[in-house]
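Below is one structure; the comments refer to it alone.
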Amino acid sequence: MIQSNQPNVYESIYLVVAQIPIGYVTSYGRIANMIPGSSARLVARAMSQIPDDSTIPWYRVVSSTLKIAKFPGSDRQRVKLISEGVKISEGLKINPSHLWKPG
DNA sequence: CGTTTGACGCGGC
DNA sequence: AGCCGCGCCAAAC
């Protein structure tokens, strides 16, 4: 459980996202549940703020249904995940075996 | 300051 | 299965 000792919640969100291992994904809601004072929508908003040149693996965060969210950068997200070995079906559905289980 | 935003989640139908 | 409505909540405006 990560507390928001950081100056703002975004910092905490980014710290958690940075922990997601290569080849794994988690959801906006699951991240939010680890950070008091956060919410799925806030996590989504935080992801949208990350610049392209950032080292934060924003593309490892998907919706609770394990589908890649529909947004302008969805294609890049799909490509990046596939390059890490993540199996994605036609409906942009990620194989549950890639779900990150912290601990 | 008050209002809107957002790549969401989930229950209900 | 999919769509709709509401709750969520700090940040951005």
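Letters go in sequence order (proteins before strands), and every chain restarts at 1.
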Tabulate atom names and distances for all N/O pairs under 3.5 angstrom spanning the protein and nucleotides 5-8 of chain C.
{"unit_1": "dG7(C)", "atom_1": "O6", "unit_2": "R41(A)", "atom_2": "NH1", "d": "2.9"}

Give a yes or no on whether the backbone of A46(A) and the side-chain of Y14(A) come within a donor-acceptor separation of less than 3.5 Å.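 Yes.
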Side-chain donor or acceptor of K87(A) paired with backbone N/O of I82(A) under 3.5 Å: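 Pair absent, no side-chain N/O of K87(A) close to backbone of I82(A).
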Minimum heavy-atom separation for [X] and [Y], please, with both atom names.
| X | Y | result |
| --- | --- | --- |
| V62(A) | K67(A) | CB-O, 3.6 Å |
| R60(A) | I22(A) | NH2-CG1, 3.3 Å |
| S38(A) | V9(A) | CB-CG1, 3.9 Å |

S27(A) near the nucleic acid: base, sugar-phosphate alone, or nothing, with a heavy-atom cut-off under 4.0 Å?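 Sugar-phosphate: the residue S27(A), judged by heavy atoms under 4.0 Å, touches backbone atoms but no base.
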Touch check for S48(A), heavy atoms < 4.0 angstrom, all strands: base, sugar-phosphate only, or nothing?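 Base: the residue S48(A), judged by heavy atoms under 4.0 Å, touches a nucleobase.
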Point-to-point distance, once rounded to the nearest 0.5 Å, from OG of S64(A) to CG of L66(A):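 If we round to the nearest 0.5 Å, S64(A):OG and L66(A):CG are 7.5 Å apart.
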At what distance, to the nearest 0.5 angstrom, does OG of S39(A) lie from CG of N33(A)?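 It is 10.0 Å, given to the nearest 0.5 Å.
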Donor + acceptor pair across side chains of E84(A), Y59(A) (<3.5 Å):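 Indeed, the side chains of E84(A) and Y59(A) share at least one donor-acceptor pair under 3.5 Å.
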Can you check the [X] [atom1] to [N] [atom2] distance for me, whole Å?
| X | N | atom1 | atom2 | answer |
| --- | --- | --- | --- | --- |
| F71(A) | dT5(B) | CZ | P | 20 Å |
| Q49(A) | dG6(B) | CD | P | 9 Å |
| L42(A) | dG9(B) | CG | C1' | 14 Å |
| L81(A) | dA7(B) | CG | P | 18 Å |
| I13(A) | dC8(B) | CD1 | C1' | 12 Å |
| M34(A) | dC9(C) | CE | P | 17 Å |
| Y14(A) | dA7(B) | OH | C1' | 12 Å |
| L92(A) | dC8(B) | CG | P | 13 Å |

Sort me out a list of protein N/O and nucleotides 10-13 of chain B N/O pairs below 3.5 Å, or just none if empty.
none

Tell me which nucleotide among dA12(C), dA10(C), dA7(B) gets nearest to the side chain of A69(A).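 Between dA12(C), dA10(C), dA7(B), the one nearest the side chain of A69(A) would be dA7(B).
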Evaluate the criterion side-chain hydrogen bond (donor to acceptor under 3.5 Å, both in side chains) for residue pair R45(A) and Y10(A); output intermediate values, then yes/no. CA-CA 9 Å; R45(A) 198 174 184 294; Y10(A) 274 32; 2.9 Å; yes
Taking the nucleotide of DNA chain C with the nearest heavy atom to each, does K67(A) or Y10(A) sit closer to the 5' end?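 Comparing both residues, the 5'-ward one is K67(A).
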